[in-house]
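Here the structure is a predicted model, which is why all the values come from computation and not from measurement.
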Amino acid sequence: MRFLTSSIIKTHFTNPLALFSRSKVVMSTAVKFSTPRLVAKKVLAKSQGEGDGAVVRRSIGSPELKSLDPFLMLDEFSVSHPAGFPDHPHRGFQTVTYMLEGAVTHQDFNGHKGTIRAGDVQWMTAGRGIIHSEMPAGLGAQKGLQLWINLSSKDKMVEPNYQELLKEDIKWAETDGVKVTIIAGESMGVKSPVFTATPSMFLDFTISPGAQMHQSIPEAWNSFVYVLEGEGLFGSMDSSPISAHHVLVLTHGDGLSVWNKGSKVLRFVLIGGQPINEPVVKYGPFVMNTQAEIQQALKDYHYCKNGFEMAKHWRSQ
């Protein structure tokens with residue numbers, strides 16, 4: 001195991017690896033949608049500094065797209081030693097870290113630590129409070145995605161917990177030039193066992209030249225695409241090709257179709273979630289429902305109480 005979990009940290013599964021089985025499922029069923037999802041908004045994620053010398057391309061959470069309920073932020077990050085994301089707190093939401101290249105070492109003030117390598121996923125519920133660090137674990141650029149998912153008011157102060165998936169244990173499926181890695185949700189009849197406190201889907205698609213994919217999405221959910229490499233047609237064959245580093249906010253509907261008419265592989269993540277429809281008040285790493293709750297979070301962090309007790313004497317190594 002690359003991840004070492006202390007007894008303090010609660011997980012949703014008593015034996016996570018027993019639930020994850022690496023699987024190759026070949027499907028060939030095309031899906032017809034009554035209301036196809038189209039691209040409502042396109043935003044180019046521009047590079048900016050973040051953390052201690054790291055570089056991110058922020059799409060959701062940028063001035064052009066401040067949020068998309070229940071999603072608060074999406075960063076495509078690149079970090080090289082000695083840069084990184086040193087000790088910092090969170091409260092009130094979840095972070096999902098998906099490594100694309102290299103590795104990042106994570107540790108928190110409850111004694112939870114490990115290394116997230118290429119293809120691995122860490123689904124962290126900060127809940128009432130966590131302080132952690134995320135630092136590069138090797139030479140050169142370490143690259144990945146980090147998604148922030150809001151929690152409803154009833155879940156914001158739960159105990160912190162983790163779900164951690166190694167690359168070899170994540171289910172995937174393929175059909176006719178389309179491969180999907182199923183981090184959360186369902187695709188091609190294959191379900192991820194990941195529990196999402198805020199109902200969500202997180203799918204990583206790779207589409208070969210000339211291939212197409214059709215993915216169902218719950219009609220009431222908000223959804224978006226983030227293009228990692230190549231270019232494709234999203235929502236309609238009459239649309240213009242869209243290339244890497246763009247986030248595409250989708251209209252409501254029951255599914256998305258994508259075509260790769262180019263000569264190179266197209267890779268993107270499709271992410272969707274059920275809107276929470278509650279007030280959102282953000283202050284840096286704290287996301288609550290009211291300004292009073294933000295003030296309380298700042299006091300709790302400063303005075304090391306109400307979830308931040310371990311912060312008084314802890315520093316990452």
Side-chain angles (χ1 to χ4, degrees), residues 2-3 12-13 16-29 31 59 71 74-77 94-104 115-124 142-147 149 162-196 199-209 211-218 221 223-232 234 244-245 247-248 250 255-260 264-273:
R2 298 189 188 122
F3 300 101
H12 295 288
F13 310 123
L17 290 183
L19 295 176
F20 301 131
S21 60
R22 190 68 170 167
S23 61
K24 175 183 177 181
V25 180
V26 178
M27 307 283 290
S28 61
T29 303
V31 178
S59 48
F71 306 109
L74 178 68
D75 280 353
E76 179 184 2
F77 63 83
Q94 299 180 307
T95 68
V96 182
T97 303
Y98 182 32
M99 289 303 298
L100 303 174
E101 297 178 24
V104 167
T115 300
I116 313 168
R117 304 185 189 278
D120 294 349
V121 174
Q122 182 193 75
W123 199 293
M124 183 185 82
Q142 319 298 305
K143 299 179 180 181
L145 298 175
Q146 186 167 98
L147 175 71
I149 307 176
Y162 293 85
Q163 296 175 86
E164 288 166 330
L165 298 79
L166 304 181
K167 176 182 178 180
E168 56 265 30
D169 301 315
I170 300 175
K171 293 183 178 183
W172 57 281
E174 65 177 4
T175 175
D176 301 331
V178 178
K179 178 182 175 182
V180 58
T181 300
I182 304 145
I183 295 166
E186 179 178 356
S187 184
M188 298 187 191
V190 179
K191 294 182 180 179
S192 166
V194 168
F195 171 78
T196 58
S200 308
M201 63 190 299
F202 191 134
L203 307 172
D204 178 359
F205 282 95
T206 301
I207 304 182
S208 299
Q212 58 185 274
M213 82 87 189
H214 309 276
Q215 173 64 43
S216 297
I217 304 170
W221 286 17
S223 63
F224 68 92
V225 163
Y226 186 75
V227 185
L228 293 168
E229 60 179 288
E231 62 178 30
F234 294 85
H245 312 304
V247 64
L248 315 176
L250 304 177
L256 173 69
S257 296
V258 180
W259 297 265
N260 183 357
K264 298 180 180 179
V265 166
L266 167 64
R267 186 182 181 189
F268 62 90
V269 291
L270 171 59
I271 298 173

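With sequence neighbours left out, the side chain to side chain contact (heavy atoms under 4.5 Å, CB included) criterion links Gln212 to His214, Trp259. For Phe224, the ring-ring contact (aromatic ring centres under 6.0 Å, His included) criterion is met by Phe71, not counting sequence neighbours. Evaluation of the side chain to side chain donor-acceptor pair (under 3.5 Å) rule for Glu231 yields no partner, not counting sequence neighbours. Residues forming a side chain to side chain donor-acceptor pair (under 3.5 Å) with Thr206 (at least two apart in sequence, or on another chain): none. For Ser187, the side chain to side chain donor-acceptor pair (under 3.5 Å) partners are Gln215, not counting sequence neighbours. Applying the side chain to side chain donor-acceptor pair (under 3.5 Å) criterion to Asp204, with sequence neighbours excluded, gives Tyr98, Arg267. When the side chain to side chain contact (heavy atoms under 4.5 Å, CB included) test is applied to Ser223, the partners found at least two apart in sequence or on another chain are Arg37, Ile217, Leu250.
In terms of heavy-atom proximity, Phe77 sits nearest to Met99 at CZ-SD, 3.6 Å. Here the closest heavy-atom approach between residue His245 and residue Tyr226 is recorded as CA-OH, 3.4 Å. Contact record, Ala211 with Val178: CB-CG2, 4.2 Å, taken as the closest heavy-atom pair. Taking every heavy atom of both residues into account, Ala173 and Val190 meet most closely at CB-CG2, 4.1 Å. Residue Leu203 comes nearest to Ala184 through the heavy atom pair CD2-O, 3.6 Å, listed as atom of the first residue, atom of the second, then distance. Annotation for Met201 and Trp221: closest pair N-CZ3, 3.7 Å, computed over non-hydrogen atoms.
Within the 4.5 Å cutoff, the side chain of Leu100 has heavy atoms near those of the Leu228 side chain. Two residues are said to be in side-chain contact when any heavy atoms from C-beta on lie closer than 4.5 Å; Trp172 and Val180 fail this criterion. Using a 4.5 Å heavy-atom cutoff, the side chains of Phe205 and Lys179 are not in contact. Between Val96 and Val121, the closest side-chain pair of non-hydrogen atoms falls below 4.5 Å.
To the nearest 0.5 angstrom, Leu147 atom CG is 13.5 Å from Glu76 atom CD. Here the CG-CG distance, from Asn260 to Leu266, works out to 5.0 Å after rounding to the nearest 0.5 Å. With values rounded to the nearest 0.5 angstrom, Ile183 atom CD1 is found 11.0 Å from Leu270 atom CG. A distance of 10.0 Å separates OG of Ser216 from CG of Leu256, quoted to the nearest 0.5 Å. Once rounded to the nearest 0.5 Å, the distance linking CD of Gln142 with CZ of Arg117 reads 10.0 Å. Atoms CD and NZ, from Glu101 and Lys143 in turn, are 4.5 Å apart once rounded to the nearest 0.5 Å.
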For this session: Check step by step if side-chain contact (heavy atoms from CB on, under 4.5 Å) holds for Leu145 and Thr97.
Result: CA-CA 6 Å; Leu145 298 175; Thr97 303; over 6 Å; no
For this session: Apply side-chain contact (heavy atoms from CB on, under 4.5 Å) to the pair Ile207 and Val265, showing each step before the final yes or no.
Result: CA-CA 6 Å; Ile207 304 182; Val265 166; over 6 Å; no
For this session: Could you walk me through whether Glu164 and Trp123 pass the side-chain contact (heavy atoms from CB on, under 4.5 Å) test, one step at a time?
Result: CA-CA 6 Å; Glu164 288 166 330; Trp123 199 293; over 6 Å; no
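The aromatic rings of Phe234 and Phe268 sit perpendicular, their planes meeting at an angle over 60°, well past the 30° parallel limit.
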